[in-house]
Peer 1: 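Take this structure, written in structure tokens, and hold onto it; I'll ask about it next.
Just follow the structure's listing: the first ligand is 1, and inside any ligand the first atom is 1. The figures here come from the full heavy-atom set of this structure, side chains too, leaving out hydrogens, waters and symmetry mates.
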Amino acid sequence: MTYDAIVIGAGAAALFFGALNKDKLNILMLERNDRVGKKLLTTGNGRCNYTNTKLDENTYNDKDFTSYMIEKYGYEAIVEKFKAMGIYPYMEEDRVYPMSLQASSVLDVLRYENDRNNIDIKTDVFVKSFHKDGDIFVLKDQNANIYKGKSLVIACGGAAMPKFGSDANLFKQIKELGISVIDTKPALVPYECDYKYLKHLDGLRVKAKLSLKKAGKIIKDDEDDVLFTKYGLSGPTVFQLSRYIKGKESAYKFSIDFFYTFTEEEMFTLLSERRKDIGHKSLDEFFIGLIHKRLIIPVIDRLGLAKETLAKDLSENNLHKIVKILKDFELDIIKNKGYGIGQISLGGVATEEINAKTMESKKVHGLYFIGEVIDIDGPCGGYNLSFAWLSAMAAYDDIRSRWKA
Ligand SMILES: Cc1cc2nc3c(=O)[nH]c(=O)nc-3n(C[C@H](O)[C@H](O)[C@H](O)COP(=O)(O)OP(=O)(O)OC[C@H]3O[C@@H](n4cnc5c(N)ncnc54)[C@H](O)[C@@H]3O)c2cc1C
């Protein structure tokens with residue numbers, strides 16, 4: 001039998017695509033895992049941050065590509081479609097979760113909706129190859145079974161989570177069709193850093209401004225939690241900045257501003273007053289109450305003075321140096337923690353080669369891409385799942401207009 005459309009993968013984007021099939025097109029979905037939507041269960045720490053009230057094309061790496069779908073569907077369509085399936089939104093600031101606070105609810109409603117829409121889902125089917133024979137796409141799985149479809153939707157994800165099946169295995173096939181694929185790289189990921197006090201600081205979480213620097217210039221910054229680990233830095237700020245680290249990672253540095261609500265002058269004044277008020281204290285005592293206990297030794301080490309030095313003996317220069325240490329605490333980056341740890345991968349099918357209104361390839365008629373397989377990435381906060389839903393809506397609308405009886 002020849003299907004109206006075959007979807008490769010049954011992750012977030014694919015399942016949402018199937019859930020839209022009110023017109024009951026003849027759709028086959030092929031998933032290599034034994035179950036659908038495995039990765040979806042892990043999203044948002046098991047709570048699934050499925051969208052964001054501030055959805056905006058500027059948050060993505062390619063606003064020209066995302067602006068049409070955000071204008072046409074956007075946050076409203078995502079919330080409305082999920083509400084129609086029984087998922088009511090629960091907001092934590094701008095992040096949107098299901099009221100049940102369970103990612104499994106999102107997966108369950110999607111599964112039921114796919115059943116209701118007669119999507120033919122086959123699990124344990126690893127698509128090994130596909131080609132176009134005339135107007136028909138022909139797919140072959142690991143057991144040489146053949147599947148045929150009038151449209152092909154590739155929803156195989158990126159490279160981010162090999163253990164859940166998303167490992168870029170189809171990128172070679174896609175390239176063989178003459179379609180450009182941008183190299184992948186882990187993102188929303190922690191980083192290994194080179195710093196002698198990491199073991200000492202392991203587990204310390206601070207609210208700070210984290211900047212990403214290259215050749216002394218700030219590329220991007222973010223204010224939120226910074227988490228020290230025994231290997232480097234993690235936490236929301238590191239995840240957000242990871243999207244901006246391109247090429248040689250060791251060319252970048254992180255810089256932590258522990259006092260981002262103070263200007264340098266205000267910080268200098270505060271330290272001067274402190275020197276006056278508690279000048280009789282040695283340095284290891286002087287910092288107590290100002291910074292976290294575990295930061296005291298690393299700060300004194302950077303200052304290069306003995307911990308027994310009395311605060312009243314600190315020169316103006318010393319105070320300026322302390323300001324610099326506390327507001328520009330640099331760490332050298334070694335490398336990211338890799339696929340399987342990072343939440344998404346950068347890269348994927350080049351956006352210039354996809355019609356931004358329909359998700360159809362500009363090179364192969366009838367071939368569509370949805371979700372993370374496309375070279376689109378967004379920050380933490382529901383933006384990446386939002387792109388999966390939005391691209392699925394765009395592709396479904398086009399395919400429906402083509403095959404609806
Ligand atoms: C731990 C974690 C937490 C996250 N939390 C959030 C969050 O809260 N909010 C948010 O917006 N984003 C979050 N993300 C990102 C989000 O999960 C992804 O952006 C999203 O899942 C991408 O959807 P997708 O359908 O494109 O790809 P995937 O969900 O990766 O699905 C691809 C599917 O294709 C299958 N497949 C691959 N190759 C083949 C093949 N050859 N044959 C058959 N099947 C194949 C895979 O097995 C997989 O099931 C998180 C990611 C991780 C890893």
Side-chain angles (χ1 to χ4, degrees), residues 6-18 28-52 55 59-60 78 92 94-98 101-103 106-107 110 121-130 139-143 145 147 152-174 184 186-190 236 239 338-346 348-349 359 368-392 395:
I6 300 183
V7 185
I8 306 180
L15 291 171
F16 197 79
F17 180 90
L28 172 68
M29 201 176 283
L30 303 173
E31 168 58 53
R32 67 189 282 194
N33 289 328
D34 57 352
R35 281 180 295 130
V36 303
K38 271 191 169 174
K39 194 166 103 184
L40 200 47
L41 290 175
T42 67
T43 58
N45 286 324
R47 305 192 315 162
C48 187
N49 174 199
Y50 69 96
T51 190
N52 193 292
L55 209 57
T59 52
Y60 292 98
I78 293 172
E92 273 181 11
D94 51 345
R95 296 181 182 213
V96 185
Y97 299 84
L101 291 178
Q102 285 187 299
V106 175
L107 178 57
L110 287 171
I121 299 183
K122 295 190 195 304
T123 52
D124 290 314
V125 175
F126 191 169
V127 176
K128 287 291 189 186
S129 69
F130 50 84
L139 288 71
K140 200 188 265 187
D141 71 10
Q142 78 276 24
N143 298 317
N145 294 312
Y147 309 90
L152 176 60
V153 181
I154 301 190
C156 63
M161 273 287 151
K163 71 175 173 194
F164 294 131
S166 313
D167 61 0
N169 67 85
L170 288 174
F171 283 24
K172 189 167 163 274
Q173 286 277 325
I174 295 168
T184 62
L188 308 191
V189 66
F239 280 25
Y339 297 123
I341 304 284
Q343 292 192 355
I344 61 163
S345 55
L346 305 185
V349 177
M359 301 300 115
Y368 294 79
F369 297 98
I370 57 175
E372 206 173 313
V373 65
I374 303 176
D375 178 25
I376 289 292
D377 57 270
C380 289
Y383 294 95
N384 290 295
L385 282 174
S386 293
F387 178 71
W389 322 134
L390 292 168
S391 54

Peer 1: Between R35 and L41, does the side-chain contact (heavy atoms from CB on, under 4.5 Å) criterion hold? Intermediate values first, please.
Peer 2: CA-CA 11 Å; R35 281 180 295 130; L41 290 175; 4.2 Å; yes

Peer 1: Could you state the interatomic distance from CG (N384) to CH2 (W389), rounded to the nearest 0.5 Å?
Peer 2: 11.0 Å

Peer 1: Pull out every atom of ligand 1 sitting under 4.0 Å from any heavy atom of L30, numbered as shown with elements.
Peer 2: 43 (C), 44 (N)

Peer 1: So is F387 close enough to ligand 1, meaning a heavy atom under 4.0 angstrom away?
Peer 2: no

Peer 1: Applying side-chain hydrogen bond (donor to acceptor under 3.5 Å, both in side chains), which residue pairs with at least one partner in residues 36-46 are found, sequence neighbours left out?
Peer 2: D34-K38

Peer 1: Of all the atoms in ligand 1, which lie at a distance below 4.0 Å from a heavy atom belonging to G371?
Peer 2: 26 (O)

Peer 1: Is the closest heavy-atom distance from A160 to ligand 1 below 4.0 Å?
Peer 2: no

Peer 1: For residues I8 and Q173, determine if any side-chain heavy atom of one lies less than 4.5 Å from a side-chain heavy atom of the other.
Peer 2: no

Peer 1: Please test D141 against Y147 for side-chain hydrogen bond (donor to acceptor under 3.5 Å, both in side chains), starting from the C-alpha separation and ending with a verdict.
Peer 2: CA-CA 8 Å; D141 71 10; Y147 309 90; 2.7 Å; yes

Peer 1: Would you mind running through ligand 1 and noting each atom that sits below 4.0 Å from a heavy atom of G165?
Peer 2: 36 (N), 37 (C), 38 (N), 46 (C), 47 (O)

Peer 1: Nearest to atom 24 (P) of ligand 1, what protein heavy atom do you find, and at what distance?
Peer 2: A13 N, 4.0 Å

Peer 1: Could you tell me the residue and atom name of the protein heavy atom closest to atom 9 (N) of ligand 1, and the distance to it rounded to 0.1 Å?
Peer 2: N49 O, 2.9 Å

